[in-house]
Amino acid sequence: MDRILQEITAVIRRIEGMDASISSLTLETKSMGSDIAGFQSRVTGLEHRMGTLEAHMTIVQDMDQDLLYLRSKITDLEDRSRRENIRLFDFLENEEGSDVQAFVAHRVGPKSPDGASRPCPIIACLLRHAQTRQLLQAARNHGPFRMEKYEIRITADYSKDTNECRKAFLALRPRLCQLEMKYGLFDPARMWVTKNGVSKDFYNPEDLRLFLDSFQHQPMDSITRT
């Protein structure tokens, strides 16, 4: 009988220990529930912030597009305002005479104190755009001419963005020649390319570069046939 009581007592003690463990697990579960609720709140906050950030990114992208459009319009307006201008390079200092206002001209850039460096370019403004085109065409037909040790060049007066675009187009000339493509650079910055009677205009040097890359892995005989 005593043995049975001892066993019953041991079972009761084990049950009490299990109750204590269950109580501890219940407290831990409640604590984990609080932590999970906190995590859910943080995730909800992060999702809200991500949604706000995505909305801001969309606004920024739209602003970038607007800025690119405005920049292109400003460049176009600047180029139009320079239509009557020409630039003369390597024209010797003081050779233009004292009455440079006869054709509204001025030199650009600092003047060399010792005269050792190249002469500063001259910007001249003519009365009409048609006169500018005629003068530039005559300069192209005549070819370069020299004044003492310098070769005088006459060019149109473009904006900074247009000049950079034209330089990028001209840098692709070796690849155009390698692919036996005819090309021409027109005002203000339009590259005309033709291959086997098919012509295409490019206004962005990057578009032209990608176009030439499309021929990179083709053999030259297949390019000639296309």
Side-chain angles (χ1 to χ4, degrees), residues 61-91 103-109 118 120-145 151-220 222-226:
Q61 290 174 355
D62 292 340
M63 291 177 64
D64 286 341
Q65 293 298 322
D66 292 340
L67 287 174
L68 289 174
Y69 173 76
L70 290 174
R71 181 171 181 175
S72 66
K73 296 297 289 184
I74 291 172
T75 299
D76 179 65
L77 290 172
E78 184 177 357
D79 285 330
R80 288 178 183 274
S81 69
R82 296 169 177 247
R83 283 160 55 101
E84 288 78 26
N85 293 354
I86 59 171
R87 282 181 177 251
L88 288 82
F89 293 90
D90 295 333
F91 197 89
F103 52 98
V104 192
H106 62 275
R107 289 190 180 270
V108 181
R118 304 184 74 90
C120 298
I122 292 178
I123 293 182
C125 179
L126 305 183
L127 295 178
R128 297 179 181 83
H129 177 61
Q131 294 175 330
T132 305
R133 307 315 306 165
Q134 291 172 0
L135 192 150
L136 292 173
Q137 185 61 47
R140 284 191 290 266
N141 295 337
H142 183 276
F145 56 93
E151 185 177 279
I152 308 301
R153 293 183 298 117
I154 302 176
T155 68
D157 182 34
Y158 299 111
S159 64
K160 179 181 178 182
D161 286 350
T162 299
N163 268 323
E164 291 177 352
C165 184
R166 290 175 65 88
K167 289 179 181 178
F169 272 133
L170 294 176
L172 295 172
R173 286 184 299 180
R175 297 187 61 184
L176 290 166
C177 293
Q178 182 183 11
L179 294 172
E180 299 180 358
M181 294 183 178
K182 297 179 180 179
Y183 62 88
L185 183 58
F186 298 93
D187 290 338
R190 175 176 64 90
M191 180 67 88
W192 169 80
V193 176
T194 183
K195 180 69 174 179
N196 296 329
V198 179
S199 300
K200 191 172 184 180
D201 290 328
F202 295 90
Y203 296 88
N204 188 330
E206 181 63 17
D207 293 339
L208 177 57
R209 186 188 66 79
L210 294 175
F211 175 74
L212 297 178
D213 287 345
S214 65
F215 295 97
Q216 182 175 358
H217 302 293
Q218 299 183 31
M220 290 301 298
S222 64
I223 295 175
T224 304
R225 290 194 301 267
T226 57

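Taking a 6.0 Å sphere around CZ of Arg190, one finds it holds more than 12 heavy atoms contributed by other residues, nucleotides or ligands. For Arg128, the CZ atom is loosely surrounded, since the number of other residues' heavy atoms within 6.0 Å does not exceed 12.
In this structure the side chain of Cys177 reaches within 4.5 angstrom of the side chain of Tyr183, judged on heavy atoms. Between Lys160 and Thr75 there is no side-chain heavy-atom pair separated by less than 4.5 Å. Side chains of Glu78 and Arg82 form a contact here, defined as non-hydrogen atoms less than 4.5 Å apart. With contacts defined as side-chain heavy-atom distances shorter than 4.5 Å, the pair Arg166/Leu185 qualifies. No side-chain heavy atom of Ile74 sits less than 4.5 Å from a side-chain heavy atom of Arg71. Between Thr155 and Phe89 the shortest side-chain heavy-atom distance falls below 4.5 Å. Inter-residue side-chain proximity for Thr162 and Glu164 is flagged as unmet; no heavy-atom pair is nearer than 4.5 Å. Two residues are said to be in side-chain contact when any heavy atoms from C-beta on lie closer than 4.5 Å; Glu180 and Lys195 meet this criterion.
The aromatic rings of Phe211 and Phe202 sit tilted, their planes meeting at an angle between 30° and 60°.
Across every non-hydrogen atom of Leu172 and Pro205, the tightest pair is CD1-O, 3.8 Å.
Salt bridge status for Asp187 with Arg133: present, with a side-chain N to carboxylate O gap under 4.0 Å. We find that Asp213 and Arg209 are joined by a salt bridge, their nearest charged nitrogen and carboxylate oxygen being less than 4.0 Å apart.
From Ile154, atom CD1 reaches atom OG1 of Thr132 across 11.5 Å, with rounding to the nearest 0.5 Å. Atom CZ of residue Phe169 and atom CZ of residue Phe186 lie 12.0 Å apart, to the nearest 0.5 angstrom.
Checked by atom type and distance alone, the side chain of His129 never pairs as donor or acceptor with a backbone atom of Glu84 at under 3.5 Å. No side-chain donor-acceptor contact under 3.5 Å links Asp201 to the backbone of Trp192. Looking only at distances, no side-chain donor or acceptor of Gln137 sits under 3.5 Å from a matching main-chain atom of Gln134. Although no hydrogens or angles enter the test, the distance criterion places a donor-acceptor pair under 3.5 Å between the side chain of Gln131 and the main chain of Leu127.
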